[in-house]
Colleague: 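A single structure is presented below for examination.
The sequence lines fix the lettering, A, B, ..., with proteins before strands; numbering per chain opens at 1.
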Amino acid sequence: MNTARTANRALPWAVAAALAALCFYLAMRILAAGEWLAAGAFLAIAGAGFFVYLSKAAFAYRYLYPGLAAMAVFVLFPLLYTAQIGFTNYSSAHLLSESRARQYLLDQAVPDESRLMEFSLHADGGEHRIALRPVVDGVAGAVTHASAPVALRDGIEVAMQRIDAALPPLAKALPLNEVLLHRAALMRARLVMPDGMKLQYTGVREFAPVNPLWSAADGGGVREASTGTLFTPNRDKGWFEDAQGVALQPGFKVGVGFANYARMVNDAEFRGPFLSIFVWTVVFAGMTVLLTLAIGMPLAVLLNWESLKYRSIYRTLLFLPYAVPAFISILVFKGLFNQNFGEINTLLHAVFGVRPAWFADPTLAKVMILIVNTWLGYPYVMILCSGLIKSIPADLYEASALAGASPWMNFRRITAPLIIKPLAPLLVTIFAFNFNNFVVIALLTDGRPDHLNTKLPAGTTDILVSYTYRIAFQDSGQNFGLAAAISTVIFFMIALMSFANMKVAKLAAGGK
Amino acid sequence: MAIVQSRHQQKRVWAAHAFLWVLIALMLFPLLAVLSISLRPGNFATGELIPSQISLEHWKLALGIPHIAADGTVIEPPFPVMRWLWNSIKIATISSILIVAISTTAAYAFARLKFAYKDSLINSMMLLQMFPAVLALVAIYAIFETIGTYVPWLGIETHAGVVLAYVGGIAMHIWTIRGYFETIPTEIEECAKVDGATHWQAFRYVLLPMAVPILMVVFILAFIGTIIEYPVASILLREEENLTLAVGSKFFLSEQRYLWGDFAAAAILSGLPITAVFLFAQRWIVSGLTAGGVKG
């Protein structure tokens with residue numbers, strides 16, 4: 001009994017110690033790769049976890065920790081990190097840190113073609129022997145060097161010996177397909193010649209001495225081996241450059257201050273499309289609110305009219321667009337609106353004799369997006385209004401019926417004034433949601449048709465979020481820094497909308 | 001309401017019915033059109049909204065069965081739709097279970113325990129949720145690239161990584177569950193504690209069984225939310241075999257390879273179960289959305 005209890009108490013500590021060792025090992029590995037920031041963040045999160053679960057002081061946090069950690073790592077941290085990236089030149093041309101970019105250059109090497117050796121593998125017991133034949137004018141001669149039998153493991157150094165009588169004869173060479181099975185090990189193997197020269201794998205049949213293209217120079221620079229030119233790091237631009245300012249690829253990631261933001265304001269070629277995208281984003285979100293309200297609200301009024309039968313059937317059918325997953329219904333519309341094969345143009349052609357170019361004409365594309373988004377969004381507004389109308393006391397309508405008011409009068413004098421206040425904050429939420437409604441743009445038009453003559457591709461139907469996605473992940477050179485800067489601008493707009501939402505909600509609450 | 005209906009009223013009722021039917025026909029046209037397109041032979045046939053000839057080729061292809069055309073050529077399924085559906089369901093199920101587990105414990109702390117900055121903490125969590133993940137995609141991509149160099153099965157191009165990315169979106173669910181917990185009287189748990197139960201036991205064996213309905217609701221909400229998620233999945237998953245349905249479906253309608261009929265069948269096949277779940281859960285979803293809108 002007593003031992004069982006001791007074991008019960010010891011077990012959690014043993015588990016905790018094992019976990020701590022694991023975390024420590026991982027942190028060390030991350031640190032070894034030079035990512036001290038990631039290692040620090042990891043240790044902080046893990047350390048907080050240990051404190052919470054081992055100390056009695058932080059009792060409530062035992063329940064909160066998983067949720068808080070998940071939100072901190074995958075919601076809060078990405079937001080802050082995005083803001084930070086916005087101040088750097090992080091992009092496909094400036095992907096690595098300075099030390100890793102330098103290491104990349106120092107690892108660059110060319111095989112010495114003049115001293116190429118063709119190799120062959122020879123099975124010997126469970127191990128293999130490697131034999132080399134010098135290549136002269138593209139023709140391999142006789143075997144000059146061979147190794148003792150070795151196990152082909154990763155990262156081996158194989159000592160090569162000159163062929164002489166003391167070496168046992170080689171077995172038959174393995175065919176190429178069997179050699180290829182050992183390719184991974186061979187690629188990392190180094191063959192050490194009798195004179196100390198090291199050969200590396202340079203092709204499926206060859207080993208050769210490899211000459212580095214760059215050598216390390218003082219001050220963090222690199223020197224080109226062939227010309228002796230010194231390239232020093234330029235930490236403002238994020239690349240290595242020589243005295244004439246010729247830059248090397250790859251560059252590295254550096255802070256550029258407000259350069260990405262300055263570009264939004266000062267660069268005329270960028271500002272033009274950026275402004276028109278911003279305007280369209282606001283129009284898109286605003287029009288969506290208006291149109292969904294224009295359809296959703298009357299429907300809600302009708303569906304709450306007690307003289308009308310079959311209301312629950314109508315409600316379900318009208319709710320259907322909201323129940324279909326958006327990624328499917330948006331693509332359905334993409335097909336239906338297709339200029340040549342789409343059913344909508346087939347109908348329009350049959351009735352009016354026209355085939356509008358929904359995807360090629362900017363205005364029509366915008367109209368199409370608004371039609372689709374209204375279709376997607378009106379059921380939500382309908383349900384919201386319906387709930388609000390239900391909460392209006394029925395005696396108000398009875399009184400107005402006694403006074404002989406028309407339905408229009410009822411709506412104008414009773415329904416609308418009573419639901420507009422609680423509805424207002426919800427409309428702000430719908431606006432904010434559509435302001436960032438990436439999916440509908442990405443799946444329907446992908447921002448196309450594009451603006452003509454812009455440095456960075458920009459679409460006429462792009463909204464701000466789809467534009468940043470495009471800058472970061474699509475055709476325009478993966479400019480993460482610029483995309484993150486635009487995202488940060490959007491953060492502020494969302495904060496503004498949240499603030500407006502709170503104000504409106506407070507007003508509504510006060511008005512009740 | 002005992003009000004005599006005038007003849008005027010009758011006319012209005014008929015007008016309302018007519019209006020609603022016209023509107024329903026208009027709104028449901030796209031959905032009905034897809035059904036007819038999926039049964040039409042070929043990918044380019046135009047003009048026939050009610051197909052004169054019914055063909056099941058698109059449905060076969062969507063189910064992953066090769067179709068043998070009339071001239072004897074074998075058409076292989078263009079995309080592994082069933083595989084994508086399975087990926088989607090797998091990711092959505094696992095992340096929903098994790099989301100429910102994590103948000104339930106957090107909601108318990110917010111509803112029952114006392115600690116400093118409780119209100120500001122939940123309010124900032126709700127505020128944080130206003131910023132959609134689509135704005136932080138660059139950072140999310142960089143994070144998972146870093147994770148992947150140390151823990152390869154959690155990196156880019158892994159389903160576990162996508163699940164992990166979804167687990168952060170819990171503020172809304174914590175709010176919902178906390179609201180439910182607060183409607184349950186604390187006396188029952190107090191009694192359990194008097195009888196010697198620990199905090200954890202009171203939570204696990206007393207409160208949790210009473211909260212099963214709300215946990216089901218949150219599970220369904222999280223499931224639908226993750227199965228239709230597009231932006232994060234689209235940057236973390238790139239290889240065809242790995243995609244979720246939400247990311248993969250768009251490849252049916254690329255300009256180079258326009259497979260309208262095949263898409264229609266695949267869309268119905270994969271969309272129908274999700275739509276059914278949504279309609280089934282409609283009541284809770286709507287109340288959840290409304291509550292979030294008012295309070296968020």
Colleague: Would the F19(B) and Y314(A) ring centres measure less than 6.0 Å apart?
Modeller: no
Colleague: Which bit of Y141(B) comes within less than 4.5 Å of chain A, counting heavy atoms only: side chain, backbone, both or neither?
Modeller: side chain
Colleague: Is there a donor in the side chain of Y63(A) and an acceptor in the side chain of W200(B), or the other way round, less than 3.5 Å apart?
Modeller: no
Colleague: Does a donor on one side chain and an acceptor on the other come within less than 3.5 Å for S234(B) and Y469(A)?
Modeller: yes
Colleague: Can you check whether K309(A) reaches V13(B) side chain to side chain, under 4.5 Å on heavy atoms?
Modeller: no
Colleague: Mark yes or no for whether S487(A), through its side chain, and A136(B), through its backbone, hold a donor-acceptor pair below 3.5 Å.
Modeller: no
Colleague: Is a donor from one side chain sitting under 3.5 angstrom from an acceptor on the other, for Y310(A) and H17(B)?
Modeller: no
Colleague: Can you tell which part of L164(B) gets under 4.5 Å to a heavy atom of chain A, answering side chain, backbone, both or neither?
Modeller: both
Colleague: Quick one: closest heavy-atom pair of I328(A) and F263(B), and the distance?
Modeller: O-CZ, 4.0 Å
Colleague: At their closest point, which heavy atom of W260(B) faces which heavy atom of L331(A), and how far apart are they?
Modeller: CZ3-O, 4.3 Å
Colleague: Would you say L279(B) and L320(A) make side-chain contact, with heavy atoms under 4.5 Å?
Modeller: yes
Colleague: Do you know which of P325(A), A483(A), P321(A) has the most heavy-atom pairs under 4.5 Å to chain B?
Modeller: P325(A)
Colleague: Centroid-to-centroid, F278(B) to Y322(A), below 6.0 Å?
Modeller: yes
Colleague: Given heavy-atom pairs under 4.5 angstrom as the criterion, report whether the side chain, backbone, both or neither of T104(B) touches chain A.
Modeller: neither
